[in-house]
Amino acid sequence: QVQLVESGGGSVQAGGSLRLSCTASGYTSGRYCMGWIRQAPGKTREGVAAIDTGGGSTYYADSVKGRFTISQDNAKNTLYLQMNSLKPEDTSIYYCAADRRFYGSACRPYLERFAYWGQGTQVTVSS
């Protein structure tokens, strides 16, 4: 079992930045996938970014590539999502997720179906 708690959401104007954090607890050792997924009301779920906690490889959705950066601090069991040049279309609830069944290249295709999810944090970008 892995427990995930997000923080860092909020409201910002277009062009601004936010950093989301996700603290993991429980069975967090070893190599597995973690990532960020977002979902806005009435819209489909979108996998934003993923990372292999052991290998360090990362994946980004085309919609955020070059603007968002996923990173991890293994000593703190914390996952981050640095979001720059935010756009109104980035407005959504952002969820941290993890799955110990996958690692490496499997992080990307299974991101939206990861087993463990946090409660979500709201990000609102105004124009």
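What you are looking at is a predicted structure, and each value in this text was computed from that prediction instead of being measured. Along the sequence shown, residues carry numbers from 1.
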Hey, quick one: are Ile51 and Val64 part of the same hydrophobic cluster, counting side-chain heavy atoms closer than 4.5 Å, chains of contacts allowed? yes
So Leu79 and Ile70, do their side chains get closer than 4.5 Å, heavy atoms only? yes
Looking at Tyr60, I want to see if its OH is surrounded by more than 12 non-hydrogen atoms of other residues, nucleotides or ligands under 6.0 Å. yes
Is it the case that the side chain of Thr124 and the backbone of Ser11 share a donor-acceptor pair, with hydrogens and angles ignored and the cut-off at 3.5 Å? no
Between the CD1 atom in Ile37 and the CZ atom in Arg113, the distance rounded to the nearest 0.5 Å is 11.5 Å
Q: Output, in order, the C-alpha distance, side-chain angles, deciding distance and verdict of side-chain contact (heavy atoms from CB on, under 4.5 Å) for Leu4 and Thr23.
A: CA-CA 6 Å; Leu4 304 168; Thr23 301; over 6 Å; no
Ignoring hydrogens and angles, tell me if any N or O in the side chain of Glu46 forms a donor-acceptor pair with the backbone of Gln39 under 3.5 Å.
no
Interatomic distance, OG@Ser25 vs CD@Gln3, rounded to 0.5 Å, equals 4.5 Å
Are the side chains of Tyr116 and Gln1 in contact, using a 4.5 Å heavy-atom criterion? yes
Review point. Leu18, Tyr95: one ILVMFWY side-chain cluster at the under-4.5 Å cut-off?
Key: no
Joint cluster assignment, Met34 & Val48, ILVMFWY side-chain distance < 4.5 Å:
yes
Quick one: does any side-chain atom of Arg31 pair with a main-chain N or O of Asp52 as donor and acceptor, under 3.5 Å? no
* So, for Trp36 and Tyr94, is the gap between ring centers shorter than 6.0 Å? -> no
Check your understanding: Can you tell me if Ser21 uses its side chain to pair, donor with acceptor, with the backbone of Gly8 under 3.5 Å?
Key -> no
### Stepwise side-chain hydrogen bond (donor to acceptor under 3.5 Å, both in side chains) check, Ser17 with Asn84
CA-CA 4 Å; Ser17 298; Asn84 299 329; 2.9 Å; yes
Of all heavy-atom pairs linking Ala61 and Gly47, the shortest is CB-O, 3.4 Å
query: Side chain of Thr91, backbone of Pro88: donor and acceptor closer than 3.5 Å?
result: yes
key: Arg100 side-chain N/O to Ser29 backbone N/O, donor-acceptor pair under 3.5 Å   = yes
Can you tell me if Glu6 uses its side chain to pair, donor with acceptor, with the backbone of Cys96 under 3.5 Å? yes
Minimal heavy-atom distance between Cys107 and Phe114, with the atoms involved, is O-CZ, 3.6 Å
Item to complete: Could you tell me whether the side chain of Gln72 and the main chain of Thr53 form a donor-acceptor pair under 3.5 Å?
Response: yes
Please determine whether the number of non-hydrogen atoms from other residues, nucleotides or ligands lying under 6.0 Å from atom CD of Gln119 exceeds 12.
yes
Flag yes if Tyr32 and Phe102 sit in one hydrophobic cluster, no otherwise; membership is Ile, Leu, Val, Met, Phe, Trp, Tyr, and two members link when side-chain heavy atoms are under 4.5 Å apart.
-> no
Worksheet entry | Under 3.5 Å donor-acceptor, Tyr103 side chain and Asp99 backbone | no
Donor-acceptor contact below 3.5 Å, side chain Gln82 vs main chain Thr69: no
Quiz item: Would a hydrophobic clustering, with Ile, Leu, Val, Met, Phe, Trp and Tyr connected at side-chain separations under 4.5 Å, put Trp117 with Tyr110?
Solution: yes
Stepwise side-chain contact (heavy atoms from CB on, under 4.5 Å) check, Thr121 with Ile93: CA-CA 5 Å; Thr121 186; Ile93 299 174; over 6 Å; no
Exercise for the section: May I ask you to test the Val123-Leu20 pair for a side-chain heavy-atom distance under 4.5 Å? Expected result: yes
Query raised in the report: Could you go step by step and tell me if Arg38 and Asp90 meet the salt bridge (Lys or Arg N to Asp or Glu O under 4.0 Å) rule?
Result: CA-CA 9 Å; Arg38 65 186 181 186; Asp90 294 318; 2.9 Å; yes
Rounded to the nearest 0.5 angstrom, the CG-OG1 distance for Asn77 and Thr28 is 4.0 Å
message: Checking Phe68 against Leu81 for the side-chain contact (heavy atoms from CB on, under 4.5 Å) test, could you report, in this order, the C-alpha distance in whole Å, the side-chain angles of both residues, the deciding distance, and whether it holds?
response: CA-CA 7 Å; Phe68 290 12; Leu81 185 67; 4.1 Å; yes
When rounded to the nearest 0.5 Å, the distance separating NZ of Lys87 from OG of Ser126 is 15.5 Å
- Item | Ser71 vs Tyr80 side-chain heavy atoms within contact, under 4.5 Å | yes
